[in-house]
> 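Sending over a structure as structure tokens; questions will come in a sec.
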Amino acid sequence: MAAEKNEEEEQIVTPWEVAAEKGGKIDYDKLIDKFGCQRLDQSLIDRVARLTAAPPHVFLRRGVFFAHRDFNQVLDAYERGEKFYLYTGRGPSSEALHLGHLVPFMFTKYLQDAFKVPLVIQLTDDEKCMWKNLTVEESQRLARENAKDIIACGFDVSRTFIFSDFDYIGGSFYKNMVKIAQCVTYNKVVGIFGFSGEDHIGKVSFPPIQAAPSFPSSFPHLFSGKDSLRCLIPCAIDQDPYFRMTRDVAPRLGYHKPALIESSFFPALQGETGKMSASDPNSAIYVTDSAKDIKNKINRYAFSGGQDSVENHRKFGANLEVDIPFKYLGFFLEDDNELEHIRTEYGSGRMLTGEVKKRLTEVLTELVERHRRARAAVTDEMVDAFMAIRPLPNMFN
């Protein structure tokens, strides 16, 4: 019974489910040990700053992207004058993105600009049919809608190719899928992903689809004759199982193992037990939320680490380990000095929860408004341009 209880309470992190141990939060050190990736240390962050001649992104400085696989090797190659390409993606299962969805794209945009490298973005509309029971047509529609939000992050069309699986798979991409599939046994895929006899075969056959963009020959219109080009994948750490499988296969197919740089989860408003859920609108701030919605959600639902009375708060200060408004500011408040001031004042009790929530409301309202304006400017013709199968003229310039 003890083993059974332990299994029930253990944290779960898969590409489809994230849940902390009962009553706790995600233990990222335990996750690093389990997955076998490495922690992103200060020396790597300093190296990025030196190689790009620019300050590291706020997500690097504050440990939002905290783990990696072979990122150091990508930097080694870059220092030798060898370029790489970026690969990230989105499973289009909802009309609007929440702030947690924006995190990898904001960071990928920084990497593209800082290193001046090409980027491929996979929209797994096929995956969402299989996991969310959406129709093919609805998945394809959501893919285009989500593409508008992604483009609104500011990607450079001359260095970016966005593709939907339904539209693009075939040719060289499909050949790589088959080669990958030949290298992975059913036992192996069950061990990595936890599939059961109740899962339909579409789920079991999906991992090679997400693996294939890691290999440059999947994009002959971009990387013809560049099979030795390295791939760097910025993603949340729940996607790691796909790329553990891919990295195992890569040398057998004659490719470099894809490198990864991995983020923690953006916590739900109600607390840090997992990641935000698109099925609970009050667990997240969406890019479609009005200023009034944002203010209401933060004031009503954002879990506070402040004390139960002003007197106790002044005496004991806020518990910043569990305070969601402060954690959100850690993601989106650019000014390090202001964040440190809030940490000191709020942690000591001199600043109240209401003041911190007010500042967060300002920061997120500005972010969402900026995104909304950028998205409104994205036309169907712009989406077509990003998704057109064509060479990228400024790929490495």
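Position 1 is the first residue of the sequence; numbering continues from there.
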> Can Glu355 and Arg359 be counted as an ion pair, charged N to O under 4.0 angstrom?
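Arg359 and Glu355: not salt-bridged.
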> List, by chain and then residue number, the residues other than Val310 in its hydrophobic cluster (Ile/Leu/Val/Met/Phe/Trp/Tyr, side-chain heavy atoms under 4.5 Å); write none if there are no others.
Leu352
> If the condition is ring-ring contact (aromatic ring centres under 6.0 Å, His included), which residues does Phe71 pass it with, not counting sequence neighbours?
none
> Check this for me, if you would: do Asp113 and Lys109 make a salt bridge, where the nitrogen-to-carboxylate-oxygen distance has to be below 4.0 angstrom?
yes
> Please answer whether the main-chain N or O of Phe166 pairs with a side-chain N or O of Asp125 as donor and acceptor at a distance below 3.5 Å.
yes
> We want to know whether Asp293 and Ser290 form a side-chain donor-acceptor pair, criterion being a heavy-atom distance below 3.5 angstrom.
yes
> In a table with atom names and distances, give each donor-acceptor pair under 3.5 Å that connects a side chain of residues 252-260 to protein atoms at least two apart or in another chain.
| unit_1 | atom_1 | unit_2 | atom_2 | d |
| --- | --- | --- | --- | --- |
| Arg252 | NH1 | Cys183 | O | 3.3 |
| Tyr255 | OH | Ser217 | OG | 2.5 |
| His256 | NE2 | Ser228 | O | 3.3 |

> For Ser348 and Glu345, indicate whether the former's side chain and the latter's backbone hold a donor-acceptor pair under 3.5 Å.
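It does hold such a pair.
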> Side-chain contact test, heavy atoms from C-beta onward, threshold under 4.5 Å: evaluate it for Lys25 versus Glu321 and give yes or no.
yes
> To check you understand the geometry: which heavy-atom pair defines the closest contact between His101 and Ser94, and what is its length?
CE1-OG, 4.4 Å
> Given His57, which of Phe331, Phe65, Tyr110, Phe115 fulfils the ring-ring contact (aromatic ring centres under 6.0 Å, His included) condition?
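For His57, the ring-ring contact (aromatic ring centres under 6.0 Å, His included) check succeeds only for Tyr110.
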> Using the salt bridge (Lys or Arg N to Asp or Glu O under 4.0 Å) criterion, which residues pair with Lys358? Sequence neighbours excluded.
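If we apply the salt bridge (Lys or Arg N to Asp or Glu O under 4.0 Å) test to Lys358, skipping adjacent residues, the hits are Glu362.
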> Checking Ser218 side chain against Ala212 main chain: does a donor-acceptor pair fall under 3.5 Å?
yes
> With a 4.5 Å cut-off on side-chain heavy atoms, are Leu60 and Ile261 touching?
yes
> Could you tell me whether the side chain of Gln122 and the main chain of Pro213 form a donor-acceptor pair under 3.5 Å?
no
> Mind checking ring-ring contact (aromatic ring centres under 6.0 Å, His included) for Phe223 and listing every partner two or more places apart, or none if nothing turns up?
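Expected list: Tyr85.
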> Report the distance from atom CD of Gln11 to atom CD of Glu21, rounding to the nearest 0.5 Å.
5.5 Å
> Among side-chain atoms of Ser304 and Thr353, is any donor-acceptor pair under 3.5 angstrom?
yes
> May I ask whether Leu360 and Val58 are part of the same hydrophobic cluster, defined by side-chain heavy atoms of I, L, V, M, F, W, Y residues being less than 4.5 angstrom apart, directly or through others?
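The answer is yes; both residues are in one hydrophobic cluster.
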> Would you say that Glu340 contacts Asp336 through its side chain, given a criterion of any heavy-atom pair below 4.5 Å between the two side chains?
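No - every pair of side-chain heavy atoms lies 4.5 Å or more apart.
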> Side-chain contact test, heavy atoms from C-beta onward, threshold under 4.5 Å: evaluate it for Phe163 versus Met387 and give yes or no.
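A side-chain contact is absent here, since even the closest heavy-atom pair is not under 4.5 Å.
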> Is there a donor-acceptor pair under 3.5 Å between the side chain of Lys295 and the backbone N or O of Lys357?
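No, the answer is negative, given that no donor and acceptor are paired below the 3.5 Å cut-off.
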> In the structure I gave you, are the side-chain heavy atoms of Glu366 and Phe332 within less than 4.5 Å of one another anywhere?
no
> Is there a donor-acceptor contact under 3.5 Å from the side chain of Ser93 to the main chain of Lys128?
no
> Could you state whether Val178 and Ile201 fall into the same hydrophobic cluster, counting links through intermediate Ile, Leu, Val, Met, Phe, Trp or Tyr residues with side-chain heavy atoms under 4.5 angstrom apart?
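Per the 4.5 Å side-chain linkage, Val178 and Ile201 are not co-clustered.
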> Please determine if Asp70 and Arg230 form a salt bridge, counting it only when a charged side-chain N lies under 4.0 Å from a carboxylate O.
no
> Is the side chain of Arg90 donor-acceptor paired with the backbone N or O of Leu123 at a distance under 3.5 Å, no angle test?
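Not confirmed, Arg90 side chain does not pair with Leu123 backbone.
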> Taking the side chain as every heavy atom from C-beta outward, state whether Asp199 and Phe193 have any pair of such atoms under 4.5 Å apart.
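With C-beta onward as the side chain, the pair stays apart.
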> Keeping the roles fixed (side chain from Asp289, backbone from Tyr286), state whether a donor-acceptor pair exists under 3.5 Å.
yes
> With the threshold set at 4.0 Å, does a side-chain nitrogen-carboxylate oxygen contact exist between Arg47 and Asp76?
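Looking at Asp76 together with Arg47, the answer is yes, because their closest N to O distance falls below 4.0 Å.
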> Please work out which of the three classes, parallel, tilted or perpendicular, describes the rings of Phe107 and Phe59, given edges at 30° and 60°.
tilted
> Identify the heavy atoms of Leu44 and Leu40 that sit nearest to each other, and give their distance.
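Heavy atoms of Leu44 and Leu40 come nearest at CD1-CD1, 3.6 Å.
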> Hey, are the side chains of Pro118 and Phe219 touching, using non-hydrogen atoms and a 4.5 Å cut-off?
no
> So, the side chain of Asn146 versus the backbone of Asp149: is there a donor-acceptor pair under 3.5 Å, distance only?
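Such a contact is absent between Asn146 side chain and Asp149 backbone.
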> Before we go on, tell me: are the rings of Tyr168 and Phe161 under 6.0 Å apart, centre to centre?
yes
> Going only through I, L, V, M, F, W and Y residues with side-chain contacts under 4.5 Å, is there a path from Val136 to Tyr174?
no
> What is the distance from atom NE2 of His98 to atom OG of Ser283, rounded to the nearest 0.5 Å?
6.5 Å
> Does a side chain donor of either Thr185 or Asn187 reach within less than 3.5 Å of an acceptor in the other side chain?
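Judged by distance alone, the side chains do not pair up.
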> Between Phe326 and Leu99, is there shared hydrophobic-cluster membership here, with clusters defined by ILVMFWY side-chain heavy atoms closer than 4.5 Å?
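In one cluster with Phe326: Leu99, yes.
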> Parallel, tilted or perpendicular for Trp131 and Phe206, by the 30°/60° rule?
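Correct class here is perpendicular.
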> Between Tyr346 and His313, does the ring centre distance come in under 6.0 Å?
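Ring centres of His313 and Tyr346 closer than 6.0 Å.
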> When the ring planes of Tyr87 and Phe243 are compared, do they come out parallel, tilted or perpendicular, using 30° and 60° as the limits?
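Aromatic pair Tyr87/Phe243 classed perpendicular.
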> Hey, which of Tyr301, Phe266, Phe303 is the one that makes ring-ring contact (aromatic ring centres under 6.0 Å, His included) with Tyr328?
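Of Tyr301, Phe266, Phe303, ring-ring contact (aromatic ring centres under 6.0 Å, His included) with Tyr328 is met by Phe266 alone.
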> Please determine whether a side-chain nitrogen of the Lys or Arg among Glu138 and Lys132 lies less than 4.0 Å from a carboxylate oxygen of the Asp or Glu.
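No salt bridge links Glu138 with Lys132.
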> Once rounded to the nearest 0.5 Å, what's the spacing between atom OG of Ser264 and atom CG of Asp238?
11.0 Å
> State, to 0.1 Å, how close Arg390 and Thr160 come at their nearest heavy-atom pair, and which atoms those are.
NH2-O, 2.9 Å
> Is there a path from Val378 to Leu97 through hydrophobic residues (I, L, V, M, F, W, Y) whose side chains come within less than 4.5 Å of each other?
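Yes; Leu97 is reachable from Val378 via cluster members.
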> Would you say that Met245 contacts Ile180 through its side chain, given a criterion of any heavy-atom pair below 4.5 Å between the two side chains?
yes
> Where do Ser139 and Leu134 come nearest, in terms of heavy atoms and distance?
OG-CB, 3.5 Å
> Please give me the minimum heavy-atom distance between Arg62 and Leu329, naming the atom from each residue.
NH1-O, 3.6 Å
> Which ring pair (Phe, Tyr, Trp, His ring centres under 6.0 Å) pairs, counting each pair once, include a residue from residues 351-383, with sequence neighbours left out?
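Found none.
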> Do the charged groups of Glu79 and Arg50 touch, with an N to O distance under 4.0 Å?
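Yes, Glu79 and Arg50 are salt-bridged.
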> Between Cys37 and Ile32, what is the shortest heavy-atom contact and its length?
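Reported closest heavy-atom pair: O-CG2, 3.2 Å.
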> State whether Glu82 and Lys226 are salt-bridged, where the test is any N-O pair (Lys NZ or Arg NE/NH1/NH2 against Asp/Glu carboxylate O) under 4.0 Å.
no
> Treating Glu262 as the side-chain partner and Arg69 as the backbone partner, does any N or O pair qualify as donor plus acceptor under 3.5 Å?
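No, Glu262 side chain to Arg69 backbone: no donor-acceptor pair under 3.5 Å.
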